[in-house]
Protein chains: 2
Amino acid sequence: MIDGTPLPLVGPQSALRADAVRNRALLLEAAAELASERGAAAITMETVAAAAGVGKGTVSRRFGDRNGLLQALLDRSEVLFQEAFLSGPPPLGPGADAAARLRAFGPALLRHEHAHRDLYLAAEPTPERRFSVPARQLRHRHVALLVRAVLPGADAELLAHTLLASVDVVLVDHFLRPGASLERLEKGWHDLLDRLLH
Amino acid sequence: MIDGTPLPLVGPQSALRADAVRNRALLLEAAAELASERGAAAITMETVAAAAGVGKGTVSRRFGDRNGLLQALLDRSEVLFQEAFLSGPPPLGPGADAAARLRAFGPALLRHEHAHRDLYLAAEPTPERRFSVPARQLRHRHVALLVRAVLPGADAELLAHTLLASVDVVLVDHFLRPGASLERLEKGWHDLLDRLLH
DNA sequence: AAGATAAACGGGCCGCGTCCCGTTTAGGGT
DNA sequence: ACCCTAAACGGGACGCGGCCCGTTTATCTT
């Protein structure tokens, strides 16, 4: 397992050496600057290594591959979103009933991903790893939990995947290209839930 | 546009030269043999070119990229599936009402993709092209048509994407790994439709 | 039949991602 | 304070995909 990529909301697990911690920060900073100046496509293992003043091998060892680096880059804003639906104010966070939280989740995810769409699109994992990304797993568990509360008879795991897929970044981006609006997608989410909940 | 990859159910559009047609067939045959003998992962631009006795440039020009080659490989079985839901016997084909056709579509797609899962997983397009694959567009139009007939008030395009996503190869494969069954996924499709149609 | 033209061909080139291994260094134990 | 070991480091090597361009060849025209 690649270290230095702590799962969100889980403590450090392997005690990175001090210089490794430093280099990790340097690399993420360099990558963020590259992304904001020349777009996410400009992030390559070599350029980010050079910009941070370290060797390519260091990037590889720390983040595994290019995708791991991009995932780590996303982690900061992802954690903010996670806090919003795990412990933030209702209706997204606890305090509202499951149906209301579920209703609020779609639009919130939609807007969050859309705000960072460049990075999310660039960081789209390969098919075989798509469901292993910690952030995705957390989203899925959360939605499945809400679905279970709202539709006890349903296959919550499967339905959660379906719901999440309906607001996937890639799909959203595809819809927004021609001129569709975020509002249409939000309405789609609400309609879908309304039909599912009678 | 890459020629030699006619859209399903649309006639040829650019009159390939005779030698090009021959090489295209040679390449596809070589790729199919490679896939069956050493797995889809063994298909690289170079090995397939060598196996067919042509240069790498030829593969590149004909199929655009590795993914285009894999899509072309899938086309043969894909066309069979298309015929099944476009003009085959009910309940999948015309002759049954839209609700019954929609019910039948999920399991049919599920089983079709599962039967060719190795190739479908290998041929998974990059995010930006995911919705441009002709076969996917055809599936989507078909499902959207049925949804429009069954739920006139809904956003048929969006809902069709959601339905298709719920039986996506990558998701299905993810579910089947631990030991889930195709039956569970089929039940999920039927439950989803039942809830949507009251 | 012979020339013209557009298309196809081949294979070399470049860039990127990944792997590897000999070297260096941080950090804890004595 | 010194050493010992495990971890991190650098950067070169390799393989694959995508691209390009000088050469060959099929097909159409007259």
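Each chain gets a letter, A, B and so on, in the order its sequence line appears, and its residues count up from 1.
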Let's see if you can work this out: which of [options] has an atom nearest to the side-chain heavy atoms of [X]?
{"X": "B:A20", "options": "D:dG17, C:dG10, C:dA8", "answer": "C:dA8"}
{"X": "B:R62", "options": "D:dA8, D:dG11, C:dC9", "answer": "C:dC9"}
{"X": "B:V54", "options": "C:dC13, D:dC9, C:dG10", "answer": "C:dG10"}
{"X": "B:K56", "options": "D:dG18, C:dC9, C:dC16", "answer": "D:dG18"}
{"X": "B:N23", "options": "D:dA13, D:dC9, C:dC9", "answer": "C:dC9"}

Calculate the interatomic distance between [X] atom [atom1] and [N] atom [atom2]; express it in whole Å.
{"X": "B:L70", "N": "D:dC16", "atom1": "CG", "atom2": "P", "result": "15 Å"}
{"X": "B:M45", "N": "D:dC19", "atom1": "CE", "atom2": "P", "result": "9 Å"}
{"X": "B:F63", "N": "D:dC19", "atom1": "CZ", "atom2": "P", "result": "16 Å"}
{"X": "B:R24", "N": "C:dC9", "atom1": "CZ", "atom2": "P", "result": "12 Å"}
{"X": "B:E46", "N": "D:dG15", "atom1": "CD", "atom2": "P", "result": "10 Å"}
{"X": "B:R61", "N": "D:dT24", "atom1": "CZ", "atom2": "C1'", "result": "12 Å"}
{"X": "A:L26", "N": "D:dA8", "atom1": "CG", "atom2": "P", "result": "16 Å"}
{"X": "A:R66", "N": "C:dT18", "atom1": "CZ", "atom2": "P", "result": "9 Å"}

Would you say [X] and [Y] make side-chain contact, with heavy atoms under 4.5 Å?
{"X": "A:L163", "Y": "B:T162", "result": "no"}
{"X": "B:E186", "Y": "B:S181", "result": "no"}
{"X": "B:L159", "Y": "A:D191", "result": "no"}
{"X": "B:L197", "Y": "B:R103", "result": "no"}

Subject >> Criterion ring pair (Phe, Tyr, Trp, His ring centres under 6.0 Å) against A:F105, the qualifying member of A:H112, A:H142, A:H190 >> reply: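 That would be A:H142.
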What are the atom names and distances for every N/O pair under 3.5 Å that joins the protein to nucleotides 23-26 of chain C?
{"from": "C:dT25", "atom 1": "O2", "to": "A:R17", "atom 2": "NH1", "distance (Å)": "3.4"}

**OP:** Give a yes/no on whether any side-chain N or O of A:T58 is located under 4.0 angstrom from OP1 or OP2 of D:dG10.
**Re:**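 Checking D:dG10 against A:T58, a side-chain N or O does come within under 4.0 Å of OP1 or OP2.
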Original post:
At under 4.0 Å, does any side-chain N or O of B:T44 touch on OP1 or OP2 of D:dG17?
Top reply: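 Yes.
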Subject >> A:R101 (side chain) donor-acceptor with A:F85 (main chain) under 3.5 angstrom >> reply: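 Judged by distance alone, yes, a pair lies under 3.5 Å.
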Original post:
Considering heavy-atom distances to DNA chain D, does A:V21 or B:T47 have its closest nucleotide positioned more toward the 5' end?
Top reply: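 Checking each residue's closest nucleotide, the 5'-ward one belongs to A:V21.
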**OP:** Test A:Y120 against every option in A:E78, A:E113, A:H114 by the side chain to side chain donor-acceptor pair (under 3.5 Å) rule and name the one that passes.
**Re:**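 The single option meeting the side chain to side chain donor-acceptor pair (under 3.5 Å) with A:Y120 is A:E78.
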